Participant: 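Structure in structure tokens, see below.
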Amino acid sequence: MADVIAGARLLRSIAATAPLSHYIESELLPGSAQQSDAQLLQDFRARAGTVFHPVSTCRMGPDPASAVVDASLRVYGVEGLRVIDASIFPTVTSGNTNAPTIMVAEKGAALIAAEEGA
């Protein structure tokens, strides 16, 4: 909690420094009236969230002993089931997971369409 408070105060000091301060009319959240440690923690608790994107829970790979799906996104040992989302990533991507997830979805759709003769 001490790090949260220190971080909030550091951000305020950075925002008060030129040249950034020339572009800031006022602090929107938590607002300049919120000064105490308790108020800063209350704001943090109200607005904090994760930026983690859970992935790799059904990882893709060539070996059923260490992976859940094959290169065609089929679940090993379960006929007729594919996993087509970010959970198939063998490792977490270094950037946001949105674009790679869209690519997986497009590839999965193409695999299914090809199988169905569409």
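Keep in mind that what you see is a predicted model, and the values were worked out from it rather than measured.
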Participant: Show which side-chain atoms of residues 1-13 pair as donor or acceptor with protein atoms under 3.5 Å away, not counting sequence neighbours.
Facilitator:
| from | atom 1 | to | atom 2 | distance (Å) |
| --- | --- | --- | --- | --- |
| R9 | NH1 | Q35 | O | 3.3 |
| R9 | NH2 | Q35 | O | 2.9 |
| R9 | NH2 | D37 | OD1 | 2.7 |
| R12 | NE | E27 | OE1 | 2.8 |
| R12 | NE | E27 | OE2 | 3.3 |
| R12 | NH1 | Q34 | O | 2.9 |
| R12 | NH2 | E27 | OE2 | 2.7 |
| R12 | NH2 | G31 | O | 3.0 |
| R12 | NH2 | Q34 | O | 2.7 |
| S13 | OG | L10 | O | 2.7 |

Participant: Measure the shortest side-chain to side-chain distance between V68 and V75 over non-hydrogen atoms and say whether it is less than 4.5 angstrom.
Facilitator: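 Counting from C-beta outward, V68 and V75 do come under 4.5 Å.
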Participant: Between Q42 and P30, is there a side-chain heavy-atom distance shorter than 4.5 Å?
Facilitator: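 A side-chain contact is absent here, since even the closest heavy-atom pair is not under 4.5 Å.
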Participant: When the side chains of residues 93-100 are checked against the rest of the protein, which donor-acceptor pairs come out under 3.5 Å, sequence neighbours left out?
Facilitator:
| from | atom 1 | to | atom 2 | distance (Å) |
| --- | --- | --- | --- | --- |
| T93 | OG1 | G95 | O | 3.0 |
| N96 | OD1 | N98 | N | 2.8 |

Participant: Roughly how far apart are D85 CG and C58 SG, rounded to 0.5 Å?
Facilitator: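 D85 CG to C58 SG: 7.0 Å, rounded to 0.5 Å.
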Participant: Given side chains that start at C-beta, do those of I84 and I112 come closer than 4.5 Å, heavy atoms only?
Facilitator: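 Touching, per the 4.5 Å side-chain cut-off.
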Participant: Rounded at 0.5 Å granularity, tell me how far CD1 in I88 sits from NZ in K107.
Facilitator: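 Between I88 CD1 and K107 NZ, I get 11.0 Å after rounding to 0.5 Å.
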Participant: Are the side chains of V69 and Y76 in contact, using a 4.5 Å heavy-atom criterion?
Facilitator: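 A side-chain contact under 4.5 Å is absent here.
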Participant: Return yes if some donor-acceptor pair links the side-chain N/O of R59 with the main-chain N/O of S87 below 3.5 Å, else return no.
Facilitator: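 Answer holds: no.
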Participant: Do you know the tightest heavy-atom contact between A67 and G61?
Facilitator: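 Looking at all heavy atoms of both residues, the shortest contact is CB-N, 3.4 Å.
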Participant: Determine, using the 4.5 Å side-chain heavy-atom cutoff (strictly less than), whether V92 and M60 are members of one ILVMFWY cluster.
Facilitator: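 Cluster IDs for V92 and M60 match.
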Participant: Output the rest of the hydrophobic cluster of Y23: all Ile, Leu, Val, Met, Phe, Trp and Tyr residues reachable through side-chain heavy-atom contacts under 4.5 Å, sorted by chain and number.
Facilitator: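 Other cluster members: none.
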Participant: Give me the atom names and distance for the closest heavy-atom approach of A86 to T101.
Facilitator: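 Looking at all heavy atoms of both residues, the closest pair is CB-OG1, 3.5 Å.
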Participant: Heavy-atom distance under 4.5 Å between the side chains of L29 and R47, does that happen here?
Facilitator: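 In contact.
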Participant: Does L111 belong to the same Ile/Leu/Val/Met/Phe/Trp/Tyr cluster as L81, with side-chain heavy atoms less than 4.5 Å apart forming each link?
Facilitator: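 The answer is yes; both residues are in one hydrophobic cluster.
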